[in-house]
2 protein chains.
Amino acid sequence: MASAATPRADRHAEAASTRERILDAALAAFSEHGFDGATTRAIATRAGVNLGLIPYYFEGKEGLWREAVDRAFGDLRRGLADVLGDTSAGNDRERAALLIRGYVRFVAAHPEFVRLMHEEGKRDSRRMRWLVDRHVRPLFEATCNLIEQGERISRLPAGVDPLHFYYILAGSVGILFHQAPECRRLTGVDPRQDVVVEAHADALVHLLLGNELEENAT
Amino acid sequence: MASAATPRADRHAEAASTRERILDAALAAFSEHGFDGATTRAIATRAGVNLGLIPYYFEGKEGLWREAVDRAFGDLRRGLADVLGDTSAGNDRERAALLIRGYVRFVAAHPEFVRLMHEEGKRDSRRMRWLVDRHVRPLFEATCNLIEQGERISRLPAGVDPLHFYYILAGSVGILFHQAPECRRLTGVDPRQDVVVEAHADALVHLLLGNELEENAT
DNA sequence: GTCTATAATTAGATAGAC
DNA sequence: GTCTATCTAATTATAGAC
């Protein structure tokens with residue numbers, strides 16, 4: 001935007017804000033339309049900046065995509081930080097329930113996260129390998145640790161490969177919000193409403209952890 | 001392909017097979033790359049036919065997409081016909097378990113089905129509305145009927161909006177196979193192997209229906 | 001650092017020969 | 001019915017002015 005008339009040295013601040021606005025627009029566009037469906041023109045327009053600034057700042061479309069993904073995972077870490085750091089909860093089951101609820105609320109507030117993941121995970125590609133190696137594997141391993149710790153309290157029989165639990169959790173939480181526009185047309189209900197989000201979290205906690213009374217029923 | 005030299009009237013058969021080959025290639029391409037990512041050139045090449053035959057037979061790319069989706073839902077109906085028609089199973093729980101297993105096996109064998117659905121359901125578009133109105137709503141309503149019938153036997157508390165169960169089922173079954181390439185890189189395991197498919201079905205039946213001993217525990 | 005203007009590529013669609 | 005050749009539009013990337 002304004003550059004020639006600025007006093008001298010909040011050029012840095014302006015450039016940073018330009019960069020951020022491009023990243024915001026890119027994250028929205030990539031998650032909604034996929035990598036191929038999102039155009040750099042639409043991203044530049046949405047960010048209110050010139051098309052040429054995208055290769056200038058990000059070394060092309062794919063570099064922009066990588067930084068947008070980094071940002072999405074940063075959002076996830078920030079969004080789960082408080083619920084992960086909270087050790088005040090009573091027993092194991094309550095902590096697990098808190099974690100599930102926290103993830104449901106995060107995805108409801110950030111459907112773009114799960115849309116990015118599902119867009120890339122469905123085919124083998126350079127982007128998929130980068131995404132798995134850089135972001136998904138650490139997330140998967142952390143989740144597996146939690147699953148093994150929680151095996152006594154979850155309703156999943158012990159000894160089952162944690163990948164099943166991981167994908168059941170990812171899918172059953174994510175798809176409702178991934179498919180929010182479909183759900184709206186299908187049912188008339190916007191799944192991102194608070195009441196729906198909480199009902200989904202309730203249903204999942206019930207299914208995955210059982211109710212309080214039957215703890216360790218399996 | 002051969003056309004001038006053919007005797008006279010298996011032109012119909014040839015044309016039908018050309019049409020079918022294009023549809024096969026289109027279903028694979030659309031599900032793997034999405035509508036924007038799939039190119040008509042790639043589809044024509046994969047089908048071994050000329051590019052011009054796509055607008056000729058299908059009135060353009062979007063018409064081709066619609067017929068490919070029709071075919072995918074035809075596959076679903078055929079794939080579930082036997083398990084839906086089977087009334088020989090003993091009790092309600094066993095029939096529900098059979099249905100869940102049948103759907104898991106279908107998606108494992110036809111990941112393109114769930115990829116098409118997830119590609120379009122994530123944003124509002126003409127294609128999404130067509131898909132929901134023509135195919136998803138009937139499927140949703142049939143599923144809701146089964147859910148209400150099965151409410152006594154499922155582990156979901158009664159009175160919860162069936163949309164939660166529908167999306168939990170769709171997501172927890174679908175994502176493992178939707179993300180098969182990711183899963184392979186992440187875990188080294190191909191989720192489409194028989195043992196993995198059956199383990200996933202086992203885990204889901206256990207979580208959604210409970211084990212036999214605690215039937216109606218809720 | 002941001003813009004305008006444009007190059008180079010690729011997309012889907014079509015005209016016309018056979 | 002199927003092919004070759006081509007058209008128009010839209011894509012990403014870049015050169016160069018300011």
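Given the structure is predicted, the values throughout are model-derived calculations rather than measurements. Letters go in sequence order (proteins before strands), and every chain restarts at 1.
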| said: Please check: side-chain N/O of B:His200 versus main-chain N/O of B:Ser172, any donor-acceptor pairing under 3.5 Å? | reply: yes
| query | C:dA7 P sits how many Å from A:Leu51 CG, rounded? | reply | 16 Å
| Which is true for B:Ile54 with a 4.0 Å heavy-atom rule: it touches a base, it touches only sugar-phosphate, or it touches nothing? | nothing
| To the nearest angstrom, how far is B:Phe58 atom CZ from D:dT2 atom P? | 11 Å
| said: Does a side-chain N or O of B:Tyr56 approach OP1 or OP2 of D:dG1 to a distance below 4.0 Å, or not? | reply: yes
| query | In whole Å, what is the span from the NE2 atom of A:His33 to the C1' atom of D:dT11? | reply | 15 Å
| query | Tell me: CG of B:Leu53 to P of D:dA5, nearest whole Å? | reply | 16 Å
| task | Please report, rounded to the nearest Å, how far the P atom of D:dT2 is from the CZ atom of B:Arg21. | result | 8 Å
| Under 4.0 Å between a side-chain N/O of A:Thr18 and OP1 or OP2 of C:dT2, yes or no? | yes
| query | Is A:Arg127 close enough and on-axis enough to A:Phe35, meaning under 6.0 Å and within 45°, for cation-pi? | reply | yes
| query | Within a radius of less than 6.0 Å around CG of A:Asp194, do more than 12 heavy atoms belonging to other residues, nucleotides or ligands occur? | reply | no
| remark: Between CG of A:Asp36 and C1' of C:dA11 the distance, given in whole Å, is 12 Å
| Full working for side-chain hydrogen bond (donor to acceptor under 3.5 Å, both in side chains) between A:Tyr167 and B:Glu182 | CA-CA 11 Å; A:Tyr167 279 103; B:Glu182 172 197 277; 2.7 Å; yes
| query | Which part of the nucleic acid does B:Ala44 contact within heavy-atom distance under 4.0 Å: base, sugar-phosphate only, or nothing? | reply | nothing
| request: Could you state the atom-to-atom distance from CZ of B:Arg41 to C1' of D:dA9 in whole Å? | output: 13 Å
| query | Is the distance from OP1 or OP2 of C:dT4 to the nearest side-chain N or O of A:Asn50 less than 4.0 Å? | reply | yes
| Looking for any heavy atom pair under 4.0 Å, which part of the strands does A:Tyr57 touch: base, sugar-phosphate only, or nothing? | sugar-phosphate
| said: Surrounding CD of A:Glu62 (heavy atoms of other residues, nucleotides or ligands, distance under 6.0 Å), is the total greater than 12? | reply: yes
| field | B:Glu62 CD - C:dA13 C1' separation (whole Å) | value | 15 Å
| message | Taking any heavy-atom pair under 4.0 Å as a contact, classify A:Ala42: base, sugar-phosphate, or nothing. | response | nothing
